[in-house]
Amino acid sequence: MKRKITYIIIAVAAVALAALIISRCSHKNRKTETVYKTEAVTIGSIGKIITATGTVEPISKVEVGTQVSGNIAKIYVDYNSVVKKGQLIAELDRTNLRSELSMQENSLASAENEMNYQKKNYERTTQLYEHHLVSDA
């Protein structure tokens, strides 16, 4: 059994070696020929055509955006205008912003009232607990 496996391994190795030798020899026999083209000297103009594919990218790119959203009331620049840092570009409609501010102020006042109520309730319960008038729970 071991002899059969040994013969098979030797046969596979021999075939692989033969294939390697044949492929090396066939690559050495190929020769590449250099072909030169000659022309007579004449007077004329030289022209060159360049083609390209892809997208045009700017040299410098600046992201312009805002952290709030809403309707624009006034625009102070035009498309492709040169702008400087800190320059006012557009003004948002303040109606929705004022409404949102008012709602948030009311929410803050409500939260402060709730906090004061809970603080007074805690102080009252603490005093009652110290005199053993309320349960531990």
Side-chain angles (χ1 to χ4, degrees):
M1 185 71 172
K2 285 186 179 184
R3 279 189 169 178
K4 286 184 181 180
I5 293 173
T6 305
Y7 290 136
I8 291 172
I9 291 173
I10 292 172
V12 169
V15 170
L17 183 61
L20 181 66
I21 292 171
I22 291 171
S23 69
R24 292 280 182 177
C25 289
S26 66
H27 284 302
K28 287 182 182 177
N29 292 337
R30 292 184 192 161
K31 291 183 180 179
T32 55
E33 236 181 81
T34 306
V35 178
Y36 296 101
K37 181 178 178 184
T38 59
E39 288 285 328
V41 178
T42 59
I43 297 176
S45 61
I46 298 174
K48 190 171 199 176
I49 297 173
I50 299 173
T51 58
T53 60
T55 57
V56 178
E57 294 291 331
I59 294 171
S60 62
K61 186 175 182 179
V62 179
E63 292 291 327
V64 179
T66 179
Q67 294 180 358
V68 294
S69 61
N71 296 329
I72 295 178
K74 295 179 186 175
I75 297 178
Y76 297 107
V77 293
D78 196 14
Y79 185 74
N80 278 340
S81 297
V82 176
V83 294
K84 294 179 176 55
K85 183 178 179 180
Q87 179 181 348
L88 186 62
I89 296 173
E91 190 175 315
L92 294 176
D93 183 18
R94 296 183 181 169
T95 306
N96 293 340
L97 297 173
R98 286 187 184 123
S99 172
E100 181 68 25
L101 176 63
S102 176
M103 285 174 31
Q104 294 301 327
E105 286 173 342
N106 291 337
S107 178
L108 175 63
S110 175
E112 286 174 344
N113 288 336
E114 179 66 22
M115 182 187 73
N116 290 333
Y117 170 74
Q118 292 297 338
K119 194 174 188 182
K120 288 180 182 179
N121 194 20
Y122 171 75
E123 290 170 358
R124 182 181 63 81
T125 306
T126 303
Q127 288 177 357
L128 291 173
Y129 179 75
E130 288 173 355
H131 293 93
H132 302 290
L133 297 173
V134 292
S135 68
D136 290 343

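Because only heavy atoms are used, hydrogens play no part in the values below, and waters and symmetry mates are left out as well, while side chains stay in. The structure displayed is predicted, hence computed values, not measured ones.
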Quiz item: Looking only at heavy atoms, what is the nearest atom pair of Ile72 and Lys74, with distance?
Solution: CG2-O, 3.5 Å

Quiz item: Among pairs that include at least one residue of residues 3-14, which meet side-chain hydrogen bond (donor to acceptor under 3.5 Å, both in side chains), considering only residues two or more places apart or in two chains?
Solution: none

Quick one: side chains of residues 91-99, donor-acceptor pairs under 3.5 Å with protein atoms, not counting sequence neighbours, listed by atom name and distance.
from, atom 1, to, atom 2, distance (Å)
Glu91, OE1, Tyr76, OH, 2.8
Asp93, OD1, Thr95, OG1, 3.2

Self-check item: Set of residues satisfying side chain to side chain contact (heavy atoms under 4.5 Å, CB included) with respect to Gln87, sequence neighbours excluded
Solution: Val77, Val83, Lys84

Practice problem: Give, for atom CG of Asn121 and atom OG1 of Thr126, the distance between the pair rounded to the nearest 0.5 Å. | Solution: 9.0 Å

Self-check item: Sequence neighbours excluded - side-chain hydrogen bond (donor to acceptor under 3.5 Å, both in side chains) pairs with any residue from residues 100-111
Solution: Glu100-Gln104

Practice problem: Could I get the full list of side chain to side chain contact (heavy atoms under 4.5 Å, CB included) partners for Leu133, not counting sequence neighbours? | Solution: Leu128, His131

Quiz item: Quick one: side chain to side chain contact (heavy atoms under 4.5 Å, CB included) partners of Leu17, sequence neighbours excluded?
Solution: Ile21

Quiz prompt | Spacing of CE belonging to Met115 relative to NZ belonging to Lys120, to within rounding of 0.5 Å | solution = 11.0 Å

